[in-house]
Number of protein chains: 2
Amino acid sequence: MGKAYNVMAATCPSRTVLHRIGARWTVFVVNALDDGPRRFTDLKAHIQGITPKVLTETLRSLEADGLISRHEYAENPPHVEYALTPLGRSLLVPLRAVRLWAEQHVPAIEAARARHEKDADDEV
Amino acid sequence: MGKAYNVMAATCPSRTVLHRIGARWTVFVVNALDDGPRRFTDLKAHIQGITPKVLTETLRSLEADGLISRHEYAENPPHVEYALTPLGRSLLVPLRAVRLWAEQHVPAIEAARARHEKDADDEV
DNA sequence: CCGGATCCAAGACGATACTG
DNA sequence: CAGTATCGTCTTGGATCCGG
């Protein structure tokens, strides 16, 4: 029995999964829930620059895929908490690594870009 | 001395890095170079469904960021090879994990989507 | 507090044809 | 073989305002 799924295959269902993971804000939301449940406004404040509309869309998508859970308390004013499901926590492992990689390699990337920029100039 | 970079901050340079990593085809190209250098046509065949234009754009971006190297042999017909740089190989580690996660959790995601679909129907 | 509704802009992505 | 050129589409995402 070989591998069941392969993202390199055009019609493999894993591509839709990858597409969801790769969505612009998924890595932010999943990482933001790393240290426990958070409320909507809390998430919005933590993930700087995200708009309420996009945050809502992202949360709904992740909920549909079973990566986060939404718990609504019957209070007024409203009180809603989002948390990672076990499946979401398993995704957190690679996504945390991606986040860390991005944060740790900023200087290397910027240096490469500067070098590339310079090479382009030299060719003129 | 605290952490230098934080993707949660709106203006942090790590966001541009994350944006590049998150580009639709980055994870495919980096993973495709996992087991050694490949030629353009080889990549295109391996990453099913990618168009030459998009593949070129992705390769150029990754090259500009110092993640892959492009080696051109002075032959006719043309012979060009792409390979991961050390920096690119360091990115391969988390991106390979992302790819594996996507491939391994297809059934879980599909089950969650079906459940979600059913819940939506039940509310009607 | 937690969103929903609406409108709009950008750019990513795709299809196709062509060339050194 | 390894791309370019062109064009069109179409999904994302952003801005803003409103409502339960």
Side-chain angles (χ1 to χ4, degrees), chain A residues 7-11 15-30 32-33 37-65 68-83 120 123, chain B residues 7-11 15-30 32-33 37-65 68-83 120 123:
Chain A
V7 295
M8 299 300 175
T11 61
R15 286 218 170 171
T16 75
V17 175
L18 204 51
H19 188 250
R20 185 58 56 81
I21 297 176
R24 183 74 132 243
W25 295 100
T26 296
V27 60
F28 291 93
V29 171
V30 172
L33 294 174
R38 280 178 185 271
R39 302 175 61 168
F40 187 89
T41 305
D42 189 18
L43 280 170
K44 194 162 77 64
H46 190 71
I47 307 170
Q48 291 178 27
I50 194 169
T51 64
K53 179 202 164 205
V54 171
L55 178 55
T56 300
E57 288 170 357
T58 306
L59 289 170
R60 294 281 178 275
S61 293
L62 294 176
E63 193 191 356
D65 284 359
I68 64 173
S69 63
R70 179 179 186 278
H71 188 34
E72 195 172 342
Y73 296 86
E75 297 177 8
N76 196 306
H79 181 166
V80 181
E81 275 190 355
Y82 296 93
E123 284 180 17
Chain B
V7 295
M8 299 301 176
T11 61
R15 287 219 170 168
T16 74
V17 175
L18 205 51
H19 188 250
R20 186 59 54 80
I21 297 175
R24 181 78 130 243
W25 295 100
T26 297
V27 59
F28 291 94
V29 171
V30 172
L33 294 174
R38 281 178 184 270
R39 302 175 62 166
F40 187 89
T41 305
D42 189 17
L43 280 170
K44 193 162 78 66
H46 190 71
I47 307 170
Q48 292 178 26
I50 194 170
T51 63
K53 181 201 164 211
V54 171
L55 178 56
T56 300
E57 289 170 354
T58 305
L59 289 170
R60 294 281 180 274
S61 294
L62 294 176
E63 194 192 356
D65 285 359
I68 64 172
S69 64
R70 180 181 184 277
H71 189 36
E72 194 173 342
Y73 295 87
E75 296 178 8
N76 195 305
H79 182 166
V80 180
E81 274 189 355
Y82 295 93
E123 285 182 17

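These numbers were taken from a predicted model, which means no experiment stands behind them. So you know, we letter chains A, B, ... as the sequences are listed, proteins then strands, and number each from 1.
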Does C:dC2 have its OP1 or OP2 closer than 4.0 Å to a side-chain nitrogen or oxygen of A:Arg38?
no
Atom NE2 of B:His71 and atom C1' of D:dA2 are separated, to the nearest Å, by 16 Å
At a heavy-atom distance below 4.0 Å, what parts of residues 39-47 of chain B sit against DNA chain D?
B:Arg39, B:Phe40, B:Thr41
In whole Å, I'd like the distance from the CD1 atom of B:Ile50 to the P atom of C:dA15.
12 Å
To the nearest angstrom, the CG-P distance between B:Asn76 and D:dC1 comes to 12 Å
Contact class for B:Pro78 (heavy atom, under 4.0 Å): base, sugar-phosphate, or nothing?
base
Below 3.5 Å is the cut-off: list the nitrogen or oxygen pairs between protein and nucleotides 10-13 of chain D, distance only.
residue	atom	partner	partner atom	Å
D:dT12	OP1	A:His19	NE2	3.3
D:dG13	OP1	A:Arg24	N	3.1
D:dG13	N7	A:Lys53	NZ	3.3

Heavy-atom pair with the smallest gap, counting every atom of B:Val54 and B:Ile50:
CG1-CG1, 4.1 Å
Would you compute the distance between atom CE of B:Met8 and atom CG of A:Leu43 and round it to the nearest 0.5 angstrom?
9.0 Å
To the nearest angstrom, the CG-P distance between A:Leu18 and C:dC13 comes to 12 Å
Per nearest nucleotide of DNA chain C, the residue lying toward the 5' end, A:Val80 or B:Pro52, is A:Val80
Are A:Arg15 and B:Phe28 close enough that some pair of their side-chain heavy atoms sits under 4.5 Å apart?
yes
Closest non-hydrogen contact found for A:Ala83 with A:Leu33 is C-CD1, 4.2 Å
Between B:Glu81 and B:Pro37, which heavy-atom pair has the shortest distance, and what is it?
OE1-CB, 3.8 Å
Return no unless some side-chain N or O of A:Arg60 is found under 4.0 Å from OP1 or OP2 of C:dC2.
no
Can you find a pair of side-chain heavy atoms, one from A:Ile68 and one from A:Tyr82, that are under 4.5 Å apart?
yes
Tell me which one of B:His46, B:Lys44, B:Arg38 satisfies side chain to side chain donor-acceptor pair (under 3.5 Å) with B:Asp42.
B:Arg38
Do B:Thr26 side-chain atoms and B:Gly22 backbone N/O form a donor-acceptor pair below 3.5 Å?
no
Distance in angstrom units between A:Glu63 CD and C:dC2 P, rounded:
15 Å
Gap between atoms CG and C1', on A:Leu59 and C:dC2 respectively (whole Å):
11 Å
Using the salt bridge (Lys or Arg N to Asp or Glu O under 4.0 Å) criterion, which residues pair with B:Glu72? Sequence neighbours excluded.
B:Arg70
On the nucleotide C:dC2, are OP1 or OP2 found under 4.0 Å from the side-chain N or O atoms that A:Tyr73 carries?
no
Less than 4.0 angstrom between a side-chain N/O of A:Tyr82 and OP1 or OP2 of C:dC1, yes or no?
no
